[in-house]
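To keep things clear, I will list the structure first and then write my remarks on it.
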Amino acid sequence: MLNNACMEAQRIRIALHDESGGYPISPRRVPLGVLRVFAKDVDELLRGDAGDVAAKELEVAVTEGSLAIETAPTANPGLLQDLRSLCASQLIDGLNAKRRLVVERWQRGARSARNVRYEITSSSLPAAVIISATSDFHTDDADQWVRVERYVQGEVFELGGLSSVNAHLRLADGSTLLVSAARDTLSSDPKNRLFKQALVRIVADYNVKTREHRNAQLMEFVPQDRLLDENAMARMLERGKRAWADVPDAAAWVEELRGNDA
């Protein structure tokens, strides 16, 4: 329950801090695409599903922040309750569905580019809500992270760094993956990797439900002569399908062989 003080109309300030373009964005300088997406996300966060906040309450001002949007005073109980929930816990199952999707997008974006973070403040909140590379806003059913070692292929579009050394990969689905690397791994690499496809071996946390990676570390760039022959792999998979075609439940069959049929 919100107390009376929280029900008084309060301004809400939502700020985007972003230096991924090589400079801190501000109202004086911001890529149009970033501004468009941020404005749309803020609109969805404030309004929620089915006009949780009326459009007439969405009078806003653009302020320094790096780039910040501040609402006119609002006392909408659904919005304020959701924001207080974000202060209290990083589990977001109870949020309005549309707001939950925005928070999940921001959390993924902050992990992909560690110099991006989002901040929500209001005098009605006990603390600022900060979504960054180190936060972990998630739904309970998405909390299925395992530590894995695996091969990932993508286009290398950025390498290096001063305070933190990393590689940025653009994967086949269009998403990006930030991979931390030892300085020696990059300095001793004889090839120019920028803007080329690469197969890398990484160790990372992997979410078995959402298929996201986080805290990825680069182990090595895999030489091209170790790339899988896709045609050969396809033939192997087809042979496997034929061999297992008459087994109704492969997992149960394996467990029975192991003596775990009880």
> Are Gln107 and Ser135 close enough, and set up right, to give a side chain to side chain contact (heavy atoms under 4.5 Å, CB included), and what steps lead you there?
Replying inline: CA-CA 8 Å; Gln107 183 65 82; Ser135 65; 2.8 Å; yes

>> Using a strict threshold of under 4.0 Å (side-chain N to carboxylate O), is an ion pair present between Asp136 and Arg214?
In response: yes

> Charged N to carboxylate O below 4.0 Å: is that the case for Glu149 and Arg201?
Replying inline: yes

pair [X]-[Y]: side-chain heavy atoms closer than 4.5 Å:
{"X": "Asn166", "Y": "Val179", "result": "no"}
{"X": "Pro27", "Y": "Leu67", "result": "yes"}
{"X": "Arg170", "Y": "Leu177", "result": "no"}
{"X": "Phe137", "Y": "Glu104", "result": "no"}
{"X": "Lys196", "Y": "Val156", "result": "no"}
{"X": "Asp41", "Y": "Leu16", "result": "no"}
{"X": "Leu91", "Y": "His138", "result": "yes"}
{"X": "Leu169", "Y": "Thr176", "result": "no"}

Using 0.5 Å steps for rounding, measure from the [atom1] atom of [X] to the [atom2] atom of [Y].
{"X": "Ile131", "Y": "Arg111", "atom1": "CD1", "atom2": "CZ", "answer": "10.5 Å"}
{"X": "Leu86", "Y": "Arg100", "atom1": "CG", "atom2": "CZ", "answer": "11.5 Å"}
{"X": "Ile120", "Y": "Ile130", "atom1": "CD1", "atom2": "CD1", "answer": "10.5 Å"}
{"X": "Leu80", "Y": "Thr74", "atom1": "CG", "atom2": "OG1", "answer": "6.0 Å"}
{"X": "Asp18", "Y": "Ser26", "atom1": "CG", "atom2": "OG", "answer": "11.5 Å"}
{"X": "Gln81", "Y": "Asn96", "atom1": "CD", "atom2": "CG", "answer": "12.0 Å"}

> Does atom CZ of Arg117 have more than 12 heavy-atom neighbours from other groups under 6.0 Å away?
Replying inline: no

> Near Arg29 CZ, under 6.0 Å, is it more than 12 heavy atoms from other residues, nucleotides or ligands?
Replying inline: no

> Going through the checks in order, is the side chain to side chain contact (heavy atoms under 4.5 Å, CB included) test met by Val200 and Val222?
Replying inline: CA-CA 5 Å; Val200 297; Val222 180; 5.9 Å; no

>> Which residues pass the ring-ring contact (aromatic ring centres under 6.0 Å, His included) test with Tyr206, not counting sequence neighbours?
In response: His213

> Who are the ring-ring contact (aromatic ring centres under 6.0 Å, His included) partners of His17, not counting sequence neighbours?
Replying inline: none

> Could you give all pairs that pass the ring pair (Phe, Tyr, Trp, His ring centres under 6.0 Å) test and reach residues 169-188, with sequence neighbours left out?
Replying inline: none

>> Suppose the criterion is ring pair (Phe, Tyr, Trp, His ring centres under 6.0 Å): which pairs have a residue in residues 65-122, not counting sequence neighbours?
In response: Trp106-Tyr118

> Can you list the residues that meet the side-chain hydrogen bond (donor to acceptor under 3.5 Å, both in side chains) rule with Ser175, with sequence neighbours excluded?
Replying inline: Asp173

>> For Glu70, give me all partners under side-chain hydrogen bond (donor to acceptor under 3.5 Å, both in side chains), at least two apart in sequence or on another chain.
In response: none

>> Using a 4.5 Å cut-off between side-chain heavy atoms of Ile, Leu, Val, Met, Phe, Trp and Tyr, which other residues end up in the same hydrophobic cluster as Val203?
In response: Met219

> Can you list the steps and then say if Ile69 with Leu46 is a side chain to side chain contact (heavy atoms under 4.5 Å, CB included)?
Replying inline: CA-CA 11 Å; Ile69 293 178; Leu46 293 174; 5.6 Å; no

>> If the condition is side-chain contact (heavy atoms from CB on, under 4.5 Å), which residues does Pro126 pass it with, not counting sequence neighbours?
In response: Arg84, Cys87

> With sequence neighbours left out, what residues match Glu158 under side-chain contact (heavy atoms from CB on, under 4.5 Å)?
Replying inline: His168

>> Between Thr71 (side chain only) and Ile12 (backbone N and O only), is there a donor and an acceptor less than 3.5 Å apart?
In response: yes

> Where do Glu8 and Ala75 come nearest, in terms of heavy atoms and distance?
Replying inline: C-CB, 4.0 Å

> How close do Asp82 and Gly94 get, heavy atom to heavy atom, and via which atoms?
Replying inline: OD1-O, 4.2 Å

Pairing residues for [X] by the salt bridge (Lys or Arg N to Asp or Glu O under 4.0 Å) criterion, not counting sequence neighbours:
{"X": "Arg28", "result": "Glu64"}
{"X": "Glu44", "result": "Lys40, Arg105"}
{"X": "Asp189", "result": "Arg193"}

Hey, any chance [X] and [Y] share a hydrophobic cluster, counting ILVMFWY side chains that come within less than 4.5 Å of each other, even indirectly?
{"X": "Ile14", "Y": "Val62", "result": "yes"}
{"X": "Phe221", "Y": "Leu178", "result": "no"}
{"X": "Phe157", "Y": "Leu194", "result": "yes"}
{"X": "Tyr23", "Y": "Val116", "result": "yes"}
{"X": "Leu101", "Y": "Ile92", "result": "no"}

> For Thr185 and Glu220, what are the C-alpha separation, side-chain angles and deciding distance, and is it a side chain to side chain donor-acceptor pair (under 3.5 Å)?
Replying inline: CA-CA 7 Å; Thr185 301; Glu220 65 170 331; over 6 Å; no

>> Quick one, Leu171 with Val152, criterion side chain to side chain contact (heavy atoms under 4.5 Å, CB included). Give me CA distance, side-chain angles, the key distance, then yes/no.
In response: CA-CA 8 Å; Leu171 307 183; Val152 177; 3.5 Å; yes

> Is it true that the side chains of Asp205 and Asn215 contain a donor and an acceptor less than 3.5 Å apart?
Replying inline: yes

> Among side-chain atoms of Gln10 and Ser122, is any donor-acceptor pair under 3.5 angstrom?
Replying inline: no

